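Keep in mind the model is a prediction, meaning the values are calculated, not measured.
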Amino acid sequence: MDERDGLAERFEGHREQLRTVAHRMLGSLSEAEDAVQETWLRLERVDADQVENLGGWLRTVVTRICLDMLRSRRSRREDLAEQQEFDQVPVTTRGSHPEEEALLADSVSRALLVVLDTLEPGERIAFVLHDMFAVPFDQIAPIVERTTDATKKLASRARRKVRGTPVVPAAELARNRRVVTAFLTAARAGDLPGILDVLAPDVVRRADPAALPPGVAAVVRGARAVAEGTAALARRSQFAEPALVDGAVGVVVAPRGRLLFVLTFAIEDDRITEYEVIADPDRLRRLDLAVLS
């Protein structure tokens, strides 16, 4: 085995951990793989024998690569916003990547990835490294080019955004979460009686046109009609998770952690009286999204 083969073998021993770190930072399997590959290329350009802690060195390098990618991504989004050239929200989830869904199931929730995507790049790096991988702040600080105290503040600010602030009492939040979870469970199974169990008789479902297949009405009224429409879209429910939406219990639909739709609910007496499917990009950006603890 030559020197390069030995280095490649050592790198492979860290690949899965690096991919996990990169995926949580970037929220995209393909981008995470790109970051890991770039890390390998950089390792090839240094004298690995001079690296005392290879695992720590690799994590630092992949983190800096991810930080650059996050900053580049944010710049592109700002340019698009100025030009008002937003992509239309897809109506189907046909392009979902099975490997990425499996990785997501094994690591973090879709809701968390959606919320992480709202953070500033430095906030996301500090939060992921410290809160998810227990990396000390004095090791994170040079990566985000802050002092240790400033890095702690970055992570703290990110933590507050991730947790959000409920606008209803804890007991009501818990009750509503049970109702929404029951709704999702039934919707995923296409269980019409189960969906009807949590709908008020005069329930109303409203939806942005971008969230609907062609020919489906934007407003549907009555438990039976709403339940049948919900059951017909069972496939989308596989990518849905409860989240805190503007301080109340809602749902994010996020294949591979990429936000497509948000559902908001009105609930009375443990029954859903109205829910809305939000898909318009401008409306989605104005929502305050957080993780349900």
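Ion pairing between a basic and an acidic side chain is recognised when a charged N comes within 4.0 Å of a carboxylate O; Arg157 and Glu120 show no such pairing. A salt bridge is defined here as a Lys NZ or Arg NE, NH1 or NH2 lying under 4.0 Å from an Asp or Glu carboxylate O, and Glu123 with Arg146 fails to meet this definition. Residues Arg124 and Asp117 are paired through a salt bridge, judged by an N-O separation under 4.0 Å between the basic side chain and the carboxylate.
Between Lys161 and Ala290, the shortest heavy-atom distance links the atoms O-CB, 3.6 Å. Summarising the geometry of Ala279 relative to Asp208, their closest heavy-atom pair is N-OD2, 2.8 Å, with the distance given to 0.1 Å. In terms of heavy-atom proximity, Phe265 sits nearest to Val249 at CD1-O, 3.9 Å. Across all non-hydrogen atoms, the minimal contact from Leu58 to Thr39 is CD2-CG2, 3.7 Å. Of all heavy-atom pairs spanning Thr63 and Met25, the tightest one is OG1-CE, 3.3 Å. Annotation for Leu18 and Val62: closest pair CD2-CG1, 3.9 Å, computed over non-hydrogen atoms.
The main-chain N or O of Arg271 is never found under 3.5 Å from a side-chain atom of Asp269 such that the two would form a donor-acceptor pair. Looking only at distances, no side-chain donor or acceptor of Glu33 sits under 3.5 Å from a matching main-chain atom of Arg19. A side-chain donor-acceptor contact under 3.5 Å links Thr273 to the backbone of Ala266.
A 4.5 Å side-chain heavy-atom check between Leu263 and Ile278 finds every atom pair outside the cut-off. Counting only heavy atoms from C-beta outward, the side chains of Asp202 and Arg221 never approach each other to under 4.5 Å. Side-chain contact between Arg224 and Leu192 is present, with at least one heavy-atom pair separated by less than 4.5 Å. Between Arg177 and Leu292 there is a side-chain heavy-atom pair separated by less than 4.5 Å. Considering only heavy atoms from C-beta on, Thr20 comes within 4.5 Å of Arg24 through its side chain. In this structure, the side chains of Val61 and Leu43 stay at 4.5 Å or more apart for every pair of heavy atoms. Looking at heavy atoms from C-beta onward, Cys66 lies out of side-chain contact with Glu31 at the 4.5 angstrom threshold. With a 4.5 Å cut-off on side-chain heavy atoms, Phe183 and Ile272 count as touching.
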- [ ] Please report the C-alpha distance between Thr264 and Asp246 in whole Å, then the side-chain angles of each, then the deciding distance to 0.1 Å, and finally whether the side chain to side chain contact (heavy atoms under 4.5 Å, CB included) criterion is met.
- [x] CA-CA 9 Å; Thr264 61; Asp246 288 341; 5.9 Å; no

Task: Test side chain to side chain contact (heavy atoms under 4.5 Å, CB included) applied to Leu184 and Arg188, step by step - done: CA-CA 6 Å; Leu184 275 184; Arg188 289 177 185 132; 3.8 Å; yes

TODO: Test side chain to side chain donor-acceptor pair (under 3.5 Å) on Arg160 and Ser156 and set out the steps.
DONE: CA-CA 6 Å; Arg160 287 195 300 271; Ser156 178; 3.1 Å; yes

Open item on the list: Let's go through Val115 and Leu244 carefully: what are the C-alpha distance in whole Å and the side-chain angles of both, what is the deciding distance for side chain to side chain contact (heavy atoms under 4.5 Å, CB included) to 0.1 Å, and is it a yes or a no?
Closed with: CA-CA 10 Å; Val115 176; Leu244 200 64; over 6 Å; no

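Going from atom CG of Leu154 over to atom CD1 of Ile125 covers 10.5 Å, rounded to the nearest 0.5 Å. In this structure, OG1 on Thr147 lies 9.5 Å from NZ on Lys152, to the nearest 0.5 angstrom. The CD1 atom of Ile65 sits 12.0 Å away from atom CG of Leu70, with the distance rounded to the nearest 0.5 Å. Between the OG1 atom of Thr230 and the CG atom of Leu196 there is a distance of 9.5 Å, given to the nearest 0.5 Å. Atom CG of Leu67 sits about 10.0 Å away from atom CG of Leu26, to the nearest 0.5 Å. Separation of atoms CZ (Phe127) and CG (Leu119) is listed at 7.5 Å; rounding is to 0.5 Å.
Tracing side-chain contacts under 4.5 Å through hydrophobic residues (I, L, V, M, F, W, Y), one never reaches Val204 starting from Val226; they form parts of separate clusters. Transitive grouping of hydrophobic side chains (ILVMFWY, heavy atoms separated by less than 4.5 Å) keeps Val277 and Val219 in distinct clusters. In the hydrophobic cluster analysis, where Ile, Leu, Val, Met, Phe, Trp and Tyr join through side-chain heavy atoms closer than 4.5 angstrom, Leu54 is grouped together with Trp40.
By the neighbour-count criterion of 12 heavy atoms within 6.0 Å, atom CD of Glu268 is sparsely surrounded, having that number or fewer from other residues, nucleotides or ligands.
Residue Glu276 forms a side-chain hydrogen bond (donor to acceptor under 3.5 Å, both in side chains) with just one option from Arg205, Arg206, Arg283, and that option is Arg283.
Applying the side chain to side chain contact (heavy atoms under 4.5 Å, CB included) test to Ala186 and every residue at least two apart in sequence or in another chain returns Asp191, Ile195.
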For residues 130-145, run the donor-acceptor check on the side chains, cut-off 3.5 Å, and write out each pair with its distance to 0.1 Å, sequence neighbours left out.
residue: Asp131; atom: OD1; partner: Arg159; partner atom: NH2; Å: 3.0
residue: Asp131; atom: OD2; partner: Arg159; partner atom: NE; Å: 2.7
residue: Gln139; atom: OE1; partner: Arg59; partner atom: NH2; Å: 3.2

